[in-house]
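Heads up, the thing below is written out as structure tokens.
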Amino acid sequence: MEFEPVDQYQQRLKKLRDIEALGYAAYPHKFDWTHTAKKLLDAFRDETAERLAADRVEVRVAGRVVALRPHGKAAFAHISGDGARLQIYVKLDVVGEAAFKLFQLLDLGDIIGVSGHLFRTKTNELTVWVEKLELLSKALLPMPEKWHGLADVEQRYRRRYVDLIVNDRAREIFTRRTQIIRELRNFFDERHYMEVETPMMHPILGGATARPFITHHNTFDMDLYLRIAPELYLKRLVVGGFDRVYEMNRNFRNEGVDAIHEREFTMLEFYQAYSDFEDLMDLTEDLFRMLAQKVCGSTTIPYGQEDSKIDLDFSRFARLSMREAINKYWPAAAGATPEVAQLAASGGPHTIAERYNAWARSHGAKPIVEPAKLSDGEVTGELFESIAESHLIQPTFIYDFPTAISPLSKKRPNDPSVTERFELFIAGMELANGFSELNDPVDQERRFRAQVEKGGQEAPKEVDVDYIRALSHGLPPTAGEGIGVDRLVMLLTNSHSIREVVLFPLLRAEMTEVAESQSGAPSTHDTKSGGTK
RNA sequence: GGGCCGCUAGCUCAAUGGUAGAGCAGCUGACUCUUAAUCAGCGGGUUGGAGGUUCGAGUCCUCCGCGGCUCACCA
């Protein structure tokens, strides 16, 4: 196989053969190193030229060649490793003829190992005085342009490995993502939550409302859904006596794609017995503050592009009921502001939606679609999304979600039209969703049946009878929450597309010549021969 | 799915409807403290694809592909 640019690819192959002719292995098996480039730069940052000359520190470092500055019989280069760039100095009369020939056959992108001692150049840059040089792996394809790197967004996603080599920003986002995930685990581990793994393939759709991906198990001849949420399994574990559990893993939803929606996304869900949604809001505040402090070094973090940059203040979280939010953000031009009591009254949300729609139609805003077909609770949810959601920039909990749109949440004892449920909004995005879990099996079965009867592609086709059975064994009063990890990473890395924080985002297949020549190749039937690992 | 924008050398970008260019990368040569190394020379293109208009299309039109933004749906 060959890749563009073919001339440079061929040229590099030829150099590889020349290197072998010099007696070097093309792809040697091991390089015995003492430091990464980064560790070395950190460790000797304060060593003076005099000290280095006196101590003669021997090091062996490996890395990718990212800059070459040959000068006839000597040369400077930079190698990158572990996220840092280290200068090396190669001299003919030090390394010898064969190694210097090898050096002259190196290209940008090659991976090499060098041995030597440290010194400082006359511009005081810490540098390896190379005594021994070896090729560890040849790059047959050239690096992108050295000043601008790889800028094309599509190529950055399709060839993330190149993006990571040349764009420090990409590298920074993903190292930070890993740090965030580690801190999330620490937070829950320290509080004695047990990390568990529940099925990714579900026989019955549940735990959220979303269109699923469907797959098939051949031996059992059974259709399965890639999970849209782990919720119902995690609560079964609380029934089983694991009072505090969490799971951080992928959910899959077969819906549209945009800046804040990926088809597979990472969700952190946790459940705790003998708690309610108020406890969760307090815990969530602690969690977000801790993360901002540890990952960004401050509870105030910048978010947005230059022209619309804002500081997100994680030191205090607003709390509003959904009805209060509609009241607060009602557009003044749309007439008298609806009172919370009106929104709570039977038929009230419909009256208000009519008024809102009249204004929206005449002002180019999107009206609520066919409110007459919706319940009061559904209309309230629609009003909230239309009127308030985009205003929720600073961290804000919205609570008292309508029962009609919260089939798994416990109702408020003093107002059964709403539930003990909240969502956390930051920068106009939904970051978290938590509630006091409905643990009355009779009520849960009634709500499941209503979902099935209502139908639609997002609704389960059947009631999850086993889940009702589990509840019938007794689920303690429990609170549970899901946090969108990708969106959290967006916030903490000031990224504005979810694809920036996912290593390999889903893109349409790229129709290349190679793909065309192999089209139809992968067979879908089981084969006994070959290809097994 | 709709609307708008984009797609030119490996990469980053130029080019009134009138000879497709630059920088980096590449190749040849010079150069033993450079760091966007420098200096001299050279090669590199089906302008995303297919049609059309025109004496002439990278540029205008139609369709298609991929991407970005946005709206809708959804979390």
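All chains are named by letter (A, B, ...) in the order of the sequence lines, taking the proteins before the strands, and each is independently numbered beginning at 1. Since we're looking at a predicted model, the values are computed, not measured. When reading the values below, keep in mind they use all heavy atoms of this one structure, side chains included, and skip hydrogens, waters and symmetry mates.
- Regarding Glu231(A), its CD atom lies at a distance of 13 Å from the C1' atom of A75(B), rounded to whole Å.
- Note: CD1 (Ile260(A)) to C1' (U70(B)) measures 13 Å, nearest angstrom.
- When both distances must be under 3.5 Å, the Watson-Crick or G-U wobble mate of A50(B) is U62(B).
- At whole-Å resolution of the value, CG in Asp7(A) and C1' in G10(B) are 8 Å apart.
- Counting to the nearest Å, the P atom of C74(B) and the CD atom of Glu378(A) are 11 Å from each other.
- Checking the phosphate oxygens (OP1, OP2) of C66(B), no side-chain nitrogen or oxygen of Arg158(A) falls inside 4.0 Å.
- Residue Gly149(A) is classed as a sugar-phosphate contact, given heavy-atom separations below 4.0 Å to backbone atoms only.
- Take the nearest nucleotide of RNA chain B for Ala151(A) and for Lys122(A): the residue whose nucleotide is more 5' is Ala151(A).
- Taking atom P on both U8(B) and U46(B), the two are 12 Å apart, rounded to the nearest angstrom.
- Here Lys366(A) reaches the OP1 or OP2 of C73(B): one of its side-chain N or O atoms lies under 4.0 Å away.
- As judged by a 4.0 angstrom heavy-atom cut-off over every strand, Glu458(A) is placed among residues making no nucleic acid contact.
- Between the CG atom of Asp163(A) and the C1' atom of C11(B) there is a distance of 13 Å, given to the nearest Å.
- Distance check on atom C1': C74(B) versus U59(B) gives 40 Å, rounded to whole Å.
- Between U34(B) and Arg69(A), no contact under 4.0 Å exists linking OP1 or OP2 to a side-chain N or O.
- Between the side chain of His148(A) and the base of C11(B), no donor-acceptor pair of N or O atoms lies under 3.5 Å.
- Here the P atom of nucleotide C74(B) and the CZ atom of Phe252(A) are 22 Å apart, to the nearest Å.
- An OP1 or OP2 oxygen of G67(B) is reached within less than 4.0 angstrom by a side-chain nitrogen or oxygen of Arg508(A).
- Lys15(A) comes within 4.0 angstrom of sugar-phosphate atoms only, judged by non-hydrogen atoms across all strands, and of no base.
- In this structure, the ring of Phe384(A) has its center less than 6.0 angstrom from the ring center of Phe425(A).
- When the nearest nucleotides of RNA chain B are assigned to Glu430(A) and Gln8(A) by heavy-atom distance, the more 5′-ward of the two goes with Gln8(A).
- Here G67(B) presents its C1' atom at 15 Å from CG of Asp258(A), a figure rounded to the nearest Å.
- If you check distances only, the side chain of Glu125(A) never reaches the base of U34(B) with a donor-acceptor pair under 3.5 Å.
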